[in-house]
Structures are given as C-alpha cells and as structure tokens.
Amino acid sequence: MRYPCTDRCWRPVRTSRGARPRGAAACLVLAGLAAVLPGPGAAQNVGAGGPALELGVLVHGQRDAAASPMRYTGAGPELGVAWYRSTPRWRADVRGSLGVGTLRSSLTANGLPAEDLWAARLGLRYLRVLGTAAGGRAALLVGGDLTAHGAYRRHRYPVDRTEHFADVLIPLSVVAGWEWGAGPIRVAHRAWLPVVGLAVRTPWGGLKYAPRVEMAGPVGLTGFGQTMYVEAAVTGLLHLRIGWTLDVLHHDDPRSLDMASHRILVSGLLGGSGS
C-alpha cells in the first residue's frame, strides 16, 4: 500500500532559525503507523459469513402484574445458534436462543414463591454501512431489527397452587452502531429502540384463558437494547466472539409487564464475521 505522506517525509524541510522540523517528525510518525497498522477493509470482512454456535449465561428479571406485583429475577444457561453475513456495504444476521432458569422475588422463602423460566429469542437484523474511516478500519452503520422475545413461566405460589404464563413481545426497532477492526481483532457496538410491535399476553389467571394479541405503537411497547462484542480470528475459517447484550421491554395493556435480560455469550463463527 502506498501512503502519500511517506513520499514527503524524506524531503529537506526548510525551517526558520530556532524552529523545529515538526512537519518531518509528523510524517515519520505517520509512516511508522502505516507500517504497523493493517490495510483498509480490515473491519469489513468482505464476503465473510456462516453459521455460529453460542453458549453463555442469561440473567433475567421480570415483573408481570398478571401473575404477581413482585419482581422476579434469576439466572441460568443459554444456548443459541445464528447465521451471519458481512459485505463492504451491509451486515445481516438471523439468530435464535433458548435460556432456562429459576426466578425468585424478595418474598421467596423456602423456595416459594418462584417461577421456572424458559426464555426464547428469534430475530433478524439488517444494517447498512453509512460510512467508513481510518482506511476502512472503522465503520458507522444503521438499519433495523425484528426480534421476538418469548417467556414461558411456571409460577409456583406459596400455597398449593401453580399457574402457567406465556408472553411474547415482538418489537420492530431502529438500530445504529459502529465497529472497528485491526488485524484479527474486531470490536463492535449496536443500540436499538422499538418503533412498533406486536404483544401476545397471558391474561390474569394464566394459560387456562386465551392469550390476548394486539399491535402496540411506540407508546404501548417501549424499551431499548444494546450489544457489544469483541471478536478474534483464530483461523481463516473460525472466529471466536465474546459479547454482552441487554434487552429492556415494557408493555402496559391490560396489565403492566416489564422484562430485562442480560446475556453474556461466547460464540464460535464458521466462515468469518457478521453483524
């Protein structure tokens, strides 16, 4: 690669008496950086993509007024699969995961009350590259995300009683993000806000009654989310990624539902990087 600055670094620099040759020193520094840093496009992984296996920990908190006025939290393992694709102009991924755990509240004593949780996600994300910088190593992206967040809960009350609840929130969100890559390492961040969505809610009394389905606008279904990860190329085909994701959602019709999930996942990607 040819860096224009290096052609000027070796020319004599005329300076006034007592002045320092600052232009020559700056060019020498830039020439040294150009020799060390990777060339353009390192962050874009042109044509990369393929399947991925994800394993990690889910930390979930939920308050569903249809089941209890208390907030229940807990943690458990999560397993996921995904498919990623990356080109110089866009990034895309399809992903799904399932996490399990036991949720408890501040009133829990001797194991009750408690909720047995099965939490699932299925999503699609598409991002366009708005622009690049630093010779292609940094990129700014914007796009959309459609993800279904489902939770099935078996609520065990202190008395001899068990109810089953299921909720699915499907927000359509706008996404913005950035990424930076140098050599085999890539760092990326994405953030999203719901615009509209679909809510499937279990009414008071659990699954013995028909769930309620409704469209929700930007006021009825609110929240935010973000993810950040570091990815490293182990070989030409295998990439390893460790990431953290936060999803916060709220729906208030007919009764308030608040969901917050933290995920720490380690992923193995075949074929390179994705979104």
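Residue Leu58 holds its CG atom at 9.5 Å from CG of Leu98, rounded to the nearest 0.5 Å. Here the CG-CG distance, from Leu55 to Leu53, works out to 7.0 Å after rounding to the nearest 0.5 Å. Summarising the geometry, atom CG belonging to Leu117 is positioned 5.0 Å from atom CG belonging to Leu103; distances are rounded to the nearest 0.5 Å. Rounded to the nearest 0.5 Å, atoms OG (Ser106) and CE (Met70) are 3.0 Å apart. Taking CD of Glu231 as the start and CZ of Arg241 as the end, the distance is 4.5 Å to the nearest 0.5 Å. Rounding to the nearest 0.5 Å gives a distance of 9.0 Å between CG of Leu169 and CG of Leu198.
Listed by first and then second residue, the salt bridge (Lys or Arg N to Asp or Glu O under 4.0 Å) pairs involving residues 213-230 are Arg212-Glu214 (not counting sequence neighbours). Residues in residues 258-271 take part in these salt bridge (Lys or Arg N to Asp or Glu O under 4.0 Å) pairs, two or more places apart or across chains: Glu78-Arg263, Asp247-Arg263.
Residues satisfying the side chain to side chain contact (heavy atoms under 4.5 Å, CB included) test with Ala166, not counting sequence neighbours, are Tyr152, Thr202, Leu207. For Trp178, there are no side-chain hydrogen bond (donor to acceptor under 3.5 Å, both in side chains) partners at least two apart in sequence or on another chain. Listed by chain and number, the residues in a side chain to side chain contact (heavy atoms under 4.5 Å, CB included) with Asp252 are His250 (sequence neighbours excluded). Contacts of His155 classified as ring-ring contact (aromatic ring centres under 6.0 Å, His included), with partners at least two apart in sequence or in another chain: Tyr72, Tyr157. Among residues two or more places apart in sequence or in another chain, the salt bridge (charged side-chain N to carboxylate O under 4.0 Å, His left out) test is passed with Arg154 by Asp116. Looking at residues two or more places apart in sequence or on another chain, you find a side chain to side chain contact (heavy atoms under 4.5 Å, CB included) between Val195 and Val174. In this structure Leu112 satisfies the side chain to side chain contact (heavy atoms under 4.5 Å, CB included) test together with Arg156, sequence neighbours excluded.
Hydrophobic cluster membership for Val59: Val57 (Ile, Leu, Val, Met, Phe, Trp, Tyr linked by side-chain heavy atoms under 4.5 Å, directly or transitively).
The pair Arg104-Glu115 does not meet the salt-bridge criterion, since no charged nitrogen lies less than 4.0 angstrom from a carboxylate oxygen. Classification of Arg153 and Glu163 as a salt-bridged pair fails, no side-chain N sitting under 4.0 Å from a carboxylate O.
Remark: side-chain polar atoms of Arg91 are paired, donor with acceptor, to backbone N or O of Thr87 under 3.5 angstrom. Side-chain atoms of Ser105 come within 3.5 Å of backbone atoms of Leu107 as a donor-acceptor pair (strictly under, hydrogens ignored). The backbone N or O of Gly111 lies less than 3.5 Å from no partner atom in the side chain of Thr108, so there is not a single donor-acceptor pair.
Leu270 and Val81 are not part of a single hydrophobic cluster, where members link through side-chain heavy atoms under 4.5 Å apart. Put simply, Val196 and Tyr126 are part of two different groups of oily side chains (I, L, V, M, F, W, Y) that touch within less than 4.5 Å, one to the next. Criterion: ILVMFWY side-chain heavy atoms under 4.5 Å apart, direct or through other members. Under it, Ile264 and Leu269 are not part of a common hydrophobic cluster. If you chain together hydrophobic residues whose side chains sit under 4.5 Å apart, Val248 and Leu193 fall into the same group. Hydrophobic clustering places Leu127 together with Val129 (ILVMFWY residues linked when any side-chain heavy atoms are closer than 4.5 Å, directly or through intermediates).
The two residues Val200 and Pro211 make their nearest non-hydrogen contact at CG1-CB, 4.0 Å. Looking at every heavy atom in both residues, Leu249 comes nearest to Pro171 through CD2-CG, 4.1 Å. The heavy-atom pair separating Pro51 from Trp83 by the smallest distance is N-CD1, 4.0 Å.
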Under 3.5 Å, which donor-acceptor pairs do the side chains of residues 218-228 form with other protein atoms, sequence neighbours left out?
{"from": "Gln226", "atom 1": "OE1", "to": "His189", "atom 2": "NE2", "distance (Å)": "3.0"}
{"from": "Thr227", "atom 1": "OG1", "to": "Trp244", "atom 2": "O", "distance (Å)": "3.2"}
{"from": "Thr227", "atom 1": "OG1", "to": "Thr245", "atom 2": "OG1", "distance (Å)": "2.9"}

For a quick test of your reading: what N or O donor-acceptor pairs under 3.5 Å do the side chains of residues 140-151 make, sequence neighbours left out?
{"from": "Asp145", "atom 1": "OD1", "to": "Thr147", "atom 2": "OG1", "distance (Å)": "2.6"}
{"from": "Asp145", "atom 1": "OD2", "to": "Arg95", "atom 2": "NH2", "distance (Å)": "2.7"}
{"from": "Asp145", "atom 1": "OD2", "to": "Arg125", "atom 2": "NE", "distance (Å)": "3.0"}
{"from": "Asp145", "atom 1": "OD2", "to": "Arg125", "atom 2": "NH2", "distance (Å)": "3.4"}
{"from": "Thr147", "atom 1": "OG1", "to": "Arg95", "atom 2": "NH2", "distance (Å)": "2.9"}

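Within the 4.5 Å cutoff, the side chain of Leu246 has no heavy atoms near those of the Ser261 side chain. When side chains are defined from C-beta on, Leu257 counts as touching Asp167, because their heavy atoms get closer than 4.5 Å.
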Given the rule in the side chain to side chain contact (heavy atoms under 4.5 Å, CB included) test, do His239 and Arg186 qualify, once you have shown the distances and angles that lead to the verdict?
-> CA-CA 10 Å; His239 287 220; Arg186 191 166 77 117; over 6 Å; no

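A donor-acceptor contact closer than 3.5 angstrom links the side chains of His251 and Arg201.
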